[in-house]
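In this chain, residues are counted from 1 in sequence order. Everything numeric here is computed off the predicted structure, so don't read it as measured data. As the structure lists them, so they are numbered: ligands from 1, and atoms in each ligand from 1.
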Amino acid sequence: MTGTAARRATKSEFDKMAPQIAGPRASTWITRGGNFAVVVSAVEPGAVLERAHDPEEHMVIVPQNGPTLSISAGGKTIEAKADSLTIVPPGASTITATSKGLFAQIYSKASTDLMALASNAQTYADGAPELAPPDLWPAPRDGYKLRHYPLAQYVKADGDRIQPRVFRSTNMLVNLFVPFRTRRETVGLSPHWHDDFEQASLTLSGRWVHHMRYNWGPDLDSWIPDDHGEMTTPSVIIIPATVVHTSRDVGEEESSLCDIFCPPRLDFARKKGFVINEDEYPLPDLPAEDLGKTGGSLLAWQKPG
Ligand SMILES: [Fe+2]
């Protein structure tokens with residue numbers, strides 16, 4: 001690992017913040033990273049969220065207790081129920097809520113209006129030059145369209161406590177872990193870092209500690225203390241490149257975690273069989289040296305395949 005963090009982590013706890021977009025039936029909080037925006041909306045029945053034109057795909061994550069949404073794009077409409085992921089094609093799209101609840105959307109940097117509205121837009125005023133440039137991967141084999149994935153089918157009832165569920169599009173990759181019903185053991189943590197990309201960790205239930213350690217540089221006055229602060233949910237943290245991190249759920253109830261990477265992580269994408277929808281999207285033709293941007297105490301599923 002080289003270098004020091006270019007910025008501090010952004011920690012957004014939505015219950016403690018005013019929404020960036022306030023409508024009669026929807027409140028929306030926007031937090032950005034260098035290459036993406038995490039958009040969380042609390043909706044009432046009848047709420048309509050319209051997008052005139054997004055240049056790239058975006059994702060819609062409806063958690064287990066989330067609302068039912070009608071999502072229209074590319075001339076098609078699908079019903080997205082609780083516990084689902086939907087990939088929305090570029091262009092115009094409309095989401096209409098038919099029940100109450102909270103859900104999340106992930107947009108790329110190409111949706112410049114959302115990036116500008118983010119609560120932490122000032123944090124990224126320098127354009128985040130420490131990150132590898134965003135890279136649009138090849139178009140899906142059967143063309144751009146709505147892609148819908150109910151998530152319950154990817155749960156192994158007798159499986160490990162940590163069950164990654166990874167999906168990708170042309171411009172991002174998400175890991176929607178099976179929600180945790182037991183707490184992470186303190187002897188099995190996985191502190192690690194990413195050299196040149198950020199990680200967003202979106203948590204919609206439970207209570208979380210995202211342990212973080214920032215590298216030291218030559219200037220003592222710029223050193224940042226370790227962060228072991230607890231976060232309420234719903235919340236998102238944007239973990240900068242080079243910051244050592246590991247997350248631990250500390251609440252009493254079920255807890256949810258979704259990790260977000262934009263552009264997609266090549267090390268995950270190249271693990272055959274690891275990305276659930278890998279057959280829908282061709283891999284880019286990138287050199288092998290583009291691997292190995294992550295280091296630290298990795299668990300088996302985090303290691304390059
Ligand atoms: Fe990470």
| request: Could you list the residues that satisfy side chain to side chain contact (heavy atoms under 4.5 Å, CB included) with Pro67, not counting sequence neighbours? | output: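 Pro67: side chain to side chain contact (heavy atoms under 4.5 Å, CB included) contacts with Val43, Val62, Leu69, Ser99, Phe103.
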
| What orientation do His194 and His192 show, parallel under 30°, tilted 30 to 60°, or perpendicular over 60°? |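 Perpendicular, since the angle between the ring planes exceeds 60°.
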
| said: Can you classify the ring geometry of Phe177 versus Trp301 as parallel (below 30°), tilted (30 to 60°) or perpendicular (above 60°)? | reply: perpendicular

| message | Looking at the Fe ion (ligand 1), is there an N, O or S atom belonging to Gln199 that lies under 2.8 Å away from it? | response | yes

| said: Can you tell me which N/O/S atom of His245 has the shortest distance to the Fe ion (ligand 1)? | reply: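 Relative to the Fe ion (ligand 1), the closest nitrogen, oxygen or sulfur of His245 carries the name NE2.
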
| note | The atom of His194 among N, O or S that is nearest the Fe ion (ligand 1) is NE2

| Does Tyr149 reach the side chain of Phe167, with side-chain heavy atoms less than 4.5 Å apart? | yes

